[in-house]
Amino acid sequence: MPAPATLRVVLAEDSVLLREGLAGLLARFGHEVVAAVGDAAELGETVATGRPDIVVTDVRMPPGFTDEGLRAAVELRRRHPALPILVLSQYVETTYATHLLDAGDGTGVGYLLKDRIGRVEEFIEALHRVAGGGTVVDPEVVRQLLRRRRDPLGALTPREREVLALIAEGRSNAAIAARLVVTEAAVAKHIRAILQKLDLPQADQDHRRVLAVLAYLRG
Amino acid sequence: MNVWQALGSRRFLLSGWPWRAAGYLLGAALAGALTLLAGLLLLTAGVLVVLGPAAFALLGLPVARAERRVRRLLDDRPVPDAHRPPSRPGLRAWLTVRYTEPVTWRELGHALLLALLWPFDVLAVVLAVAVPLALLATPVLLGVDGGQVNVLKAWPVTSWPPAVAVAVLAVPVFALAAYGMTVYAGARAALARTLLTGPDARITELTRSRVRLVDAFEAERARIERDLHDGAQQRLVALTMMLGLARLDAPAGPLTTRLARAQDEAERALTELRQLIRGIHPPLLTDFGLPAAVAELADRSVIPVAVDLDLPGRFPAPIESTAWFVVCEAMANVARHSGAGRATIAGGYAAGTLTVRVRDDGRGGAGPDGGTGLVRLGDRVSVVDGRLTLSSPPGGPTVLTVELPCRPLPPCA
């Protein structure tokens, strides 16, 4: 499902500083912030009326300042399974990301550390990927996941581990090739080797492959 | 040293202890007699005015004070004064506190007991002194009187040999009397102590204040974590965002490089801040509970860690955080000192106790004095009435077990 060039975004973030900043950033890249709210309860109502292409939400929000934003996101995925959601967080712990991925079929969902907003162009690209039905997981979270399962991963070469991490983050062959400064054919070769070593099905579509790898890493 | 230890000593009869016992009993008897007198006066006065019974209720205060002073003769363990200081100056505040605290009424009970027992106290001393003296005096009296002496007014003695025998008998009777009187005094002092201290008042209060202290620390940690999250962290995120936008606008050249470096620094600060926050009060523990937090901790460990935590749900925050800090400290020790290649974290809940066990296959020999923070950890565990046990024979394995009595929280929606 191709996402429109101009995204209608609902933004939920309790810090005024960040909310305004994000709204400005999105506007600058030509996206329309249809609503910017400060707590999780408002988020649910706004989504019903605003018909956004994507929801961008913080994890920790009023009233309880625990994981209200995440719970709201999980609830939204249950009610609107096709609505893409990008969760911004301060937590690298994999449990938060796992909760989000488990809430639906894992497509059109993203979990990024707030640090990544600063890498403006990459952030906007991630936003597009999620809006287009892709899966995006923060590199730091992927690193945590890679540490978890040691035995079969030990069979991978360092290069293959790098590629695996980039797949898990939700990147396409072209993006991986650009990142590692190799050809796409080389990337495709690495990916075939990885999937074979981990005994995963050879999937053609990017996002299926991402989900397979993530499911594998989460054990 | 107290009176019971003195009774066991071989030099007891030659020591000052029998005299101390006599002094204590006479002091108590005096206090008892005065209490009786004062009590009767106050109660008769109370027929006319309300103040009498009111003052009567406070009669225990001076008596208990005297008891605390006099009992030092027999017991070097002080009986703590459990009275609370009034919160405000003035007679009214003082009276309010005194009438409402249980120790006042315990002291009144003690005073009334003294008022009843004082004749026995006097009798004990008089008997212990008079009986042996009377025996000793038999030959003297026989010499003075010439005819007949009634020993203790009961046994008539008329000739010298039995009179001398009775006088010799005075020595063991003296000893027996000294022991008897001292035992009675010791028992009286123990009774007074029980009445005055109540059911381990000090220990309960101490525990309660430690629990309060730990709760306060816990709240403070949560507050610091919140402040860092809502303040510094958000500002740093905003800063990286501004730097990122500035990089977009800046013309390619040295300025972009410098902006990129500034952004790297800000990101590093964010990473460090995140680690700091995790150490202060892990949000994951609050949001998802112990198994999730422990699993993440195991993921971050440098050696493989198997986790097997089977819990029926969430537990009260102090329990979860205590268990969490035990596991953290144990894992830090495993990484730092043990030289282990593997570790397991296992735990469960049964019979009202949450048990978590961290085991490693390292070299063992860990102890509370090895700078491992185990003592501090033990203190923390004891505050929630838990138990921390360590088994670490040289050569390993090291097993650290924490047991926390608690109930799981009802599941919330």
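A, B, ... follow the sequence lines: proteins, then strands. Residue 1 opens every chain. Nothing here was measured: the structure is a model prediction, and the numbers come from that model.
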Task: A:Phe65 ring center near B:His229 ring center (under 6.0 Å) - done: no

- [ ] Applying side-chain contact (heavy atoms from CB on, under 4.5 Å), run through B:Arg274 and A:Asp115 and close with a yes or a no.
- [x] CA-CA 11 Å; B:Arg274 195 157 32 234; A:Asp115 313 22; 2.9 Å; yes

Open item on the list: Quick check: do B:Leu248 and A:Glu121 have side-chain heavy atoms less than 4.5 Å from each other?
Closed with: yes

Open item on the list: Once rounded to the nearest 0.5 Å, what's the spacing between atom NE2 of A:His99 and atom CZ of B:Phe288?
Closed with: 4.0 Å

Task: Contact residues of residues 27-43 of chain A (partner chain B; heavy-atom separation under 4.5 angstrom) - done: A:Arg28, A:Phe29

Task: Top contributor to chain A interface from B:Met242, B:Glu267, B:Arg235 [non-hydrogen pairs under 4.5 Å] - done: B:Glu267

TODO: Taking the side chain as every heavy atom from C-beta outward, state whether A:Val120 and B:Arg247 have any atom pair closer than 4.5 Å.
DONE: no

Open item on the list: Taking the basic N atoms (NZ, or NE/NH1/NH2) and the acidic carboxylate oxygens, is any pair closer than 4.0 Å for A:Glu140 and B:Arg300?
Closed with: no

Task: Note: B:Arg226-A:Asp14 ion pair, threshold 4.0 Å (strictly below) - done: no

Open item on the list: Taking B:Asp299's backbone N and O only, do any of them form a donor-acceptor pair with A:Gln144's side chain (distance below 3.5 Å, no angle check)?
Closed with: no

TODO: Measure the CG-CG distance between A:Leu17 and B:Asp230 for me, rounded to the nearest 0.5 Å.
DONE: 12.0 Å

Open item on the list: Could you check whether any side-chain heavy atom of A:Ile117 comes within less than 4.5 Å of a side-chain heavy atom of B:Val237, counting everything from C-beta outward?
Closed with: yes

TODO: Would you mind checking which part of B:Leu243 comes under 4.5 Å of any heavy atom in chain A, side chain (CB onward), backbone (N, CA, C, O), both or neither?
DONE: neither

Open item on the list: Taking atom CZ as the centre, does B:Arg359 end up with more than 12 heavy-atom neighbours from other residues, nucleotides or ligands that are less than 6.0 angstrom away?
Closed with: no

Open item on the list: Please classify the contact between A:Glu13 and chain B as side chain, backbone, both or neither, with a heavy-atom cut-off of under 4.5 Å.
Closed with: side chain

Task: Flag side-chain contact, heavy atom, 4.5 Å: B:Glu296 against A:Val92 - done: no

Task: Separation between CG of A:Asp67 and CG of B:Leu284, rounded to the nearest 0.5 Å - done: 9.5 Å

Task: Between B:Gln234 and A:Lys114: side-chain donor-acceptor atoms closer than 3.5 Å - done: yes

TODO: Locate the shortest heavy-atom distance separating B:Gln263 from A:Gly118; write the atom from each residue and the value.
DONE: NE2-O, 2.7 Å

Open item on the list: With a sphere of 6.0 Å drawn around CG of A:Asp199, does it hold more than 12 non-hydrogen atoms of other residues, nucleotides or ligands?
Closed with: no

Task: Polar side chain donor-acceptor pair, B:Asp287 to A:Tyr96, under 3.5 angstrom - done: yes

Task: A:Phe123 vs B:Met241 side-chain heavy atoms within contact, under 4.5 Å - done: no

- [ ] Rounded to the nearest 0.5 Å, what's the gap from OG1 on B:Thr240 to CZ on A:Arg119? Could you check?
- [x] 8.5 Å

TODO: State whether the number of non-hydrogen atoms from other residues, nucleotides or ligands found under 6.0 Å of B:Arg221 atom CZ is greater than 12.
DONE: yes

Task: Results of side-chain hydrogen bond (donor to acceptor under 3.5 Å, both in side chains) for B:Thr398 - residues two or more places apart only - done: B:Ser392

Open item on the list: At a 4.5 Å cut-off on heavy atoms, which part of B:Glu225 comes close to chain A: side chain, backbone, both, or neither?
Closed with: both

